[in-house]
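Report on one structure; see the data block that follows.
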Number of protein chains: 2
Amino acid sequence: MTQAQPYSATEEKMARYAKALSHPARVFILRFLEQQCACFAGDISEQLPMANSTVSQHLKVLKEAGLIKGSFNPPTIEYCIDKENWTEAKALFEAFFTPCC
Amino acid sequence: MTQAQPYSATEEKMARYAKALSHPARVFILRFLEQQCACFAGDISEQLPMANSTVSQHLKVLKEAGLIKGSFNPPTIEYCIDKENWTEAKALFEAFFTPCC
DNA sequence: TGAGTATTTCGTAAAAATACGAAATAGGTA
DNA sequence: TACCTATTTCGTATTTTTACGAAATACTCA
């Protein structure tokens, strides 16, 4: 415990994206959205063994992590992958698992 | 909530590895081990702004996730990346971020 | 045997994640 | 205007994570 310095920006980002992926329901949702390109919250909820409100919470976590976007079109909300951040996350994980040396 | 079926093995594994990566200290430790190939718990602890016992806890999480291995050589313990599972995790994340369609 | 070193385990406290059902929101339709 | 539908937010309970310091472990060396 000699160094009180915080973590690098890369480490923080990695951890943030990883945390978003750290629940099987959220992994499922992302894979589902990759296949569907876009779909409604209800379509997702139908596939998952949990209450609507819990699914909504997981969607919020993914939204806050920047991995998905929702476009409001009442009474439904259409969700899709946020491509920009998705690409960033992909690059981060790739670099992480393939070290330079 | 119409389907009470659990998640696929892939989803569970992804989530498990992602959870191991979901704290910046653990990301740091893994990057450190990638560079060092192998090192002692003390070497890691020196680099991190937290108590020894907390670092030990993070090492335990990584060990339980299968991403690192420790070889006991008292009074020290030498840690290194578990290459087999590392390769599996790498493949899982790659496939996840690069969908077929 | 007794001290020293590196590390983990234990006990505990505080914060965050997960889950539910009920209530709120916000627009479309009769 | 009053209802319907899809979704989120709220309040709450339970579990898990994170962190610390003190004590335990396990081996080496004097």
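A quick note: this is a predicted structure, and the numbers were derived from the prediction, not measured.
Under 3.5 Å, the side chain of A:Gln57 and the base of C:dA19 form at least one donor-acceptor pair of N or O atoms.
Remark: C1' of C:dA16 and NE2 of B:His23 are 11 Å apart, rounded to the nearest angstrom. Rounded to whole angstrom, the span from the NZ atom of A:Lys63 across to the P atom of D:dT9 amounts to 6 Å. The nearest whole Å value for the distance from the CD1 atom in B:Ile77 to the C1' atom in C:dT5 is 13 Å. The distance from atom CG of A:Leu59 to atom P of D:dT7 is 10 Å, rounded to the nearest whole Å. Distance, A:Ile29 CD1 to C:dT18 P: 11 Å, rounded to whole Å. B:Leu62 places its CG atom 13 Å from the P atom of D:dT17, with the value rounded to the nearest Å. One interatomic measurement links the two molecules: NZ of B:Lys60 to P of C:dT8, which rounds to 10 Å at whole-angstrom precision. Rounding to whole angstrom units, CD of residue B:Glu64 and P of C:dT8 are separated by 12 Å.
For B:Met50, the listed nucleotide lying nearest its side chain is D:dA19; candidates were C:dT7, D:dA19, C:dT18. Checking D:dA19, D:dT8, C:dC20 against the side-chain heavy atoms of A:Ala51 singles out C:dC20 as nearest. Checking C:dT7, D:dA6, C:dT18 against the side-chain heavy atoms of A:Arg26 singles out C:dT18 as nearest.
Looking at every heavy atom in both residues, B:Leu33 comes nearest to B:Cys39 through CD2-SG, 3.5 Å.
The phosphate of D:dT17 (OP1 or OP2) has no side-chain N or O of B:His58 nearer than 4.0 angstrom. Considering only side-chain N and O atoms, B:Thr54 lies nowhere under 4.0 angstrom from the phosphate OP1 or OP2 of D:dT18. Between B:Lys19 and the phosphate of D:dT17, there is a side-chain N or O to OP1/OP2 separation shorter than 4.0 Å. Distances shorter than 4.0 Å separate none of the side-chain N or O atoms of A:Tyr79 from OP1 or OP2 on D:dA6. Remark: A:Ser56 is in phosphate contact with D:dT8, judged by side-chain N or O atoms under 4.0 Å from OP1 or OP2.
With DNA chain D read from its 5' end, the first of the two nearest nucleotides for A:Ser53 and B:Ala25 is the one closest to A:Ser53.
Within the 3.5 Å criterion, the main-chain N or O of A:Gly66 finds a donor-acceptor partner in the side chain of A:Asn85.
A:Phe93 and B:Phe93 have parallel rings, their planes meeting at less than 30° on a 0 to 90° scale where 60° marks the start of perpendicular. Ring pair B:His23/A:Tyr7 is perpendicular by interplanar angle, where above 60° counts as perpendicular and below 30° as parallel.
By the 4.0 Å N-to-carboxylate-O rule, A:Glu94 lies too far from B:Lys90 to be salt-bridged with it.
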